[in-house]
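These numbers come from the heavy atoms of this one structure, side chains and all, not from hydrogens, waters or symmetry mates.
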Amino acid sequence: MKTALRTCPLCETACGLRLTLDDAGSVLRVEGDQDDPFSKGFLCPKGAALGKLDEDPDRLAQPLVRDRVDGKLRPASWDEAFAEVHRGLTETMAAHGRDAVALYFGNPTFHTMAGFLYRQPLTQVLGSRNVYSASTIDQMPKHVASGLMFGDAFAVAVPDLDRTDYMLILGANPVESNGSLCVAPNFKGRLRALQERGGKVVVVDPRRTRTAELADEHLFIRPGTDPYLLFGIVHTLLAEGLTALDVEVTGLDELRALARDFTPEAVEAACGVPAATTVRLARELAAAPSASVYARIGTCTAEFGSTAQWLVDVINALTGNLDRPGGVMFAKTAALEIFRNGQPFTTGAWHSRVRGLPEVLGEFPVATMADEIETPGEGQIRALITIGGNPALSAPGAPRLARALSDLDFMVCVDPYLNETTRHANVILPPPRMLQSPHFDFLVQIIMVRNYARFSPPALPLREDQRSEAAILAKLLLMLAGQGPDADPAGAEEMFLGQLLATVPEMRAGLDGDDGTEQILDALLKLGSYGLSLEAMREAPHGLDLGPLQPRLPEILCTASGRVDLAPAALAADVPRLLERLRDPVPEMVLIGRRHLRSNNSWMHNVPSLIGGSNRCTLQIHPEDVARLGLGDRARVRSAAGEVEVVVEATETIMPGVVSLPHGWGHEETGQTVARKNAGVNANALTDAAVVDPVSGNAVFNGVPVSVMPVAAGLLVEVALPA
């Protein structure tokens, strides 16, 4: 038997694991690494199932290529697969230009070394405006709000969770997610520690989640109306003189004018939170020795997602809790932060062809991908490269996008599964098992509640018939750059190192690493703030504690004014629309999503130990609504975009007038055996790709108006007539 220490790559929590493997490389046991200074032995059900996920018999073992005669996917050699990729991409670019090829990066690319390192080079070399990612499915409002306020879209302020005295959580369920855009292993234990030291936790959510059950106070709120509550708090802080600004700001007078009409009394009916409660929250935040406001997916995936994220950090700033211990702070990564360019954040350098949506961080909203595939004309998407993503399930209006994918001239997917998206591909290139790949979290380090780093070398070697993820992406990069399918992947790594070390070429000779990817990591560590190295990481297999968060706003602030902008023009311009919505009638029923402890993305539904219990695709609905609507065991849910039929789960944990479906289900045509037997329904048959947060382009999954009816309603009953 062999013991391997590993960072869990399944979500952004970055827990340390201790794996026991047999001589054949099978995982016998997964435990939390008690010696990891950050996660301290914490282990969630997903991490415990890492071995089963990694050894899933449905994972593809070799490339698949679509036969041009019978149209079926069949196993192929790597040489044959790369030759077909080269043919498909070069023919498309030659005939229609580079904008005819689109890139889509899925969520898992943020959790692999190669996915992070090759994302920007692939985008630059392709030179297409048609770039998309999962960021506009769940998190772009946070990046946009941070970029407009601080000048840097990656300056994401996270709660200093281990030192805060008061925490207000909106639209997040970190007890089950363990933090999203806020990395905190054992979030539940950290919240309990906050309470044990005399602090208070308040949760605002349309569901009484596991986080809400732990909190000192839970407030129901109508989905999508968080900006009203937040503006009510801002109004109170300004009206009662409760501000304690201790950072240089601009836009305070403009903010005061914007907040004037959002009195707690004015927003009460819209959000459902009593005015007196809103005032009390503002006073408690201002009076606490330290406080932090944290909001996540429930607020990001709503029509005013960017407004909500902006107001979160406005409150943190107004109460004197921005960039201070116990408030919200900015983590510092161990490696060189190559994603920061020091230039003020802007959007709209170009706009999408069909709907005129602005680019954000170099990409278009995934909500318009189907438009760009279906609409003829110059720049129409005719070929697509997806890397670790399943937009045929995860994108808004997913059924339409799935149909559009089948009309592409060519599609190549880097993915370990035959799933709802890759089944449309001409070529599928499977990366190796997770335990065969090195691991280092680059982007995740910017959202940790404590500075920390850990490197995991491969626990198992590659077989002769496998290619590393880095080699696969390097091949794609070189082919997009005009080289043939036989190009050596090492050439891409050398190109990367040459650019990285342009000012210090002498460093190249001393780089450590078993391959080019590890050498790139060694260079980035040596150029980073802590002066670390790959050798130093190897000597600390349990991870390195780099200390508590420290004030660093002046270091990363890069707005044009050199100050925190409390009223960015792009966000202020959308406030009149928010104010206008105050007069809109409240929909009878709205849809929200749901986080599961044993699930994260669509690819986690193929392990038996992660299916069942609370991890089921059901429609949660309040018993009062069940009785009022006359529902039975199943219900039909209909929106402007589509309809689904789903199992009903009556529960008092959800407020009346709201129904909840989990994200990432609907496994009907897939090569994943367990997922297909537990298919569920795709909530994105109900979401409308035409509706986005206009500031960030993020999809709207929460607060979607729906109607719910018994299954029998509206069905055409067939009657057998006499012969």
**OP:** With the side chain counted from C-beta on, respond yes when R222 and P206 share a heavy-atom pair under 4.5 Å apart, and no when they do not.
**Re:** no
Original post:
With side chains defined as the heavy atoms from C-beta onward, is the minimum distance between V85 and L476 less than 4.5 Å?
Top reply: yes
Original post:
Counting N and O atoms only, with roles assigned by atom type, does the side chain of R256 sit under 3.5 Å from a partner on the main chain of H235, one being a donor and the other an acceptor?
Top reply: no
Original post:
Do the side chain of S352 and the main chain of L357 share a donor and acceptor less than 3.5 angstrom apart?
Top reply: yes
Subject >> Parallel, tilted or perpendicular, as decided by the 30° and 60° cut-offs, for the rings of F231 and F262 >> reply: parallel
**OP:** Could you tell me whether a side-chain N or O of T347 sits under 3.5 Å from a main-chain N or O of E359, the two making a donor and an acceptor?
**Re:** no
Subject >> Heavy-atom check, side chain of F339 versus side chain of E337, under 4.5 Å >> reply: yes
Original post:
Where the side chain of R552 meets the backbone of M329, is there a donor-acceptor pair that is under 3.5 Å apart?
Top reply: no
Original post:
Would you say H663's side chain and G593's backbone share a donor-acceptor pair under 3.5 angstrom?
Top reply: no
Original post:
Which heavy-atom pair separates V131 from F105 by the least distance, and what is that distance?
Top reply: CG1-CE1, 4.2 Å
**OP:** In sequence, state the C-alpha distance, the side-chain angles, and the governing distance for D409 and T92, and then conclude on side-chain hydrogen bond (donor to acceptor under 3.5 Å, both in side chains).
**Re:** CA-CA 8 Å; D409 294 342; T92 300; 5.5 Å; no
Subject >> L578 vs D574, side-chain contact (heavy atoms from CB on, under 4.5 Å): CA-CA, chis, key distance, verdict >> reply: CA-CA 7 Å; L578 179 69; D574 204 35; over 6 Å; no
Original post:
Just how far is it from atom OG1 of T368 to atom NE2 of H351, taken to the nearest 0.5 Å?
Top reply: 12.0 Å
Original post:
Are the side chain of N316 and the backbone N or O of N321 linked by a donor-acceptor pair below 3.5 Å?
Top reply: no
Original post:
Does a donor on one side chain and an acceptor on the other come within less than 3.5 Å for T421 and N390?
Top reply: yes
Original post:
Can a salt bridge be assigned to the pair K332 and E555 using a cut-off of 4.0 Å between side-chain N and carboxylate O?
Top reply: yes
Subject >> Check: N702 side chain, A302 main-chain N or O, donor-acceptor pair, under 3.5 Å >> reply: no
Original post:
Could E303 and R581 be called an ion pair, given the rule that one side-chain N must be under 4.0 Å from one carboxylate O?
Top reply: yes
**OP:** Would you please test V590 and V659 for side-chain contact (heavy atoms from CB on, under 4.5 Å) and show each step?
**Re:** CA-CA 6 Å; V590 294; V659 291; over 6 Å; no
Subject >> Reported CG-to-OG distance for the pair L571 and S696, which is rounded to 0.5 angstrom >> reply: 9.5 Å
Original post:
Taking all non-hydrogen atoms of both residues, which atom of C271 and which atom of Y228 are closest, and how far apart?
Top reply: CB-CB, 4.3 Å
Subject >> Heavy-atom closest pair, residues L181 and I447 >> reply: CA-CD1, 3.5 Å
Original post:
Do D407 and R382 meet the salt-bridge criterion of a basic N to acidic O distance under 4.0 Å?
Top reply: no
**OP:** Look up atom CG in N130 and atom CD1 in I385, then write down how far apart they are to the nearest 0.5 Å.
**Re:** 11.5 Å
Original post:
Are E580 and R583 ion-paired here, with the side-chain N under 4.0 Å from a carboxylate O?
Top reply: yes
**OP:** Decide yes or no on salt bridge (charged side-chain N to carboxylate O under 4.0 Å, His left out) for R355 and E372, but give the supporting numbers first.
**Re:** CA-CA 9 Å; R355 290 165 58 182; E372 298 295 331; over 6 Å; no
Original post:
Are I556 and R340 close enough that some pair of their side-chain heavy atoms sits under 4.5 Å apart?
Top reply: yes
Original post:
To the nearest 0.5 Å, what is the distance between CZ (F701) and CD1 (I592)?
Top reply: 14.0 Å
**OP:** Output the distance between atom OH (Y294) and atom OG1 (T299), rounded to the nearest 0.5 Å.
**Re:** 9.0 Å
**OP:** Looking only at non-hydrogen atoms, find the nearest pair between V366 and A395 and report the distance.
**Re:** CG2-CB, 4.1 Å
Original post:
What do the steps show when you test N698 against T136 for side-chain hydrogen bond (donor to acceptor under 3.5 Å, both in side chains), and what is the final call?
Top reply: CA-CA 4 Å; N698 206 88; T136 53; 5.7 Å; no
Original post:
Stepwise, does the side-chain contact (heavy atoms from CB on, under 4.5 Å) test hold for V360 with F345?
Top reply: CA-CA 9 Å; V360 178; F345 171 78; 4.2 Å; yes
Original post:
Between the side chain of N419 and the main-chain N/O of T422, is any donor-acceptor distance below 3.5 Å?
Top reply: yes
Original post:
Going through the checks in order, is the side-chain hydrogen bond (donor to acceptor under 3.5 Å, both in side chains) test met by H96 and Q380?
Top reply: CA-CA 8 Å; H96 305 289; Q380 177 186 8; over 6 Å; no
**OP:** Please work out whether the ring planes of F364 and W350 are parallel, tilted or perpendicular, with thresholds of 30° and 60°.
**Re:** perpendicular
Original post:
Would you call F110 and F116 a side-chain contact if the rule is heavy atoms closer than 4.5 Å?
Top reply: no
Subject >> Distance (rounded to the nearest 0.5 Å) between S599 OG and K46 NZ >> reply: 7.5 Å
**OP:** Would you please test L89 and M479 for side-chain contact (heavy atoms from CB on, under 4.5 Å) and show each step?
**Re:** CA-CA 8 Å; L89 294 179; M479 285 189 280; 5.6 Å; no
Original post:
Does the separation of the ring centres of Y104 and Y132 fall below 6.0 angstrom?
Top reply: no
Subject >> Expected output: side-chain N684 to main-chain L393 donor-acceptor under 3.5 Å >> reply: yes
Original post:
Are any of the side-chain heavy atoms of D313 and V293 separated by less than 4.5 Å?
Top reply: no
**OP:** Determine the interplanar angle of the W665 and H596 rings, folded into 0 to 90°, and report it as parallel if under 30°, tilted if 30 to 60°, perpendicular if over 60°.
**Re:** perpendicular
Subject >> Heavy-atom donor-acceptor pair, T386 side chain to G389 backbone, under 3.5 Å >> reply: no
Subject >> R119/E363 ion pair, N-O < 4.0 Å >> reply: yes
Original post:
Thinking salt bridges, do E176 and R594 make one under a 4.0 Å N-O criterion?
Top reply: no
Original post:
Are R423 and T670 close enough that some pair of their side-chain heavy atoms sits under 4.5 Å apart?
Top reply: no
Original post:
Which heavy atom of S177 sits nearest a heavy atom of S180, and at what distance?
Top reply: OG-N, 4.1 Å
Original post:
So, do F496 and Y118 sit near enough that their side-chain heavy atoms are less than 4.5 Å apart?
Top reply: no
Original post:
What pair of heavy atoms forms the shortest contact from R353 to D371, and how long is it?
Top reply: NH2-O, 4.3 Å
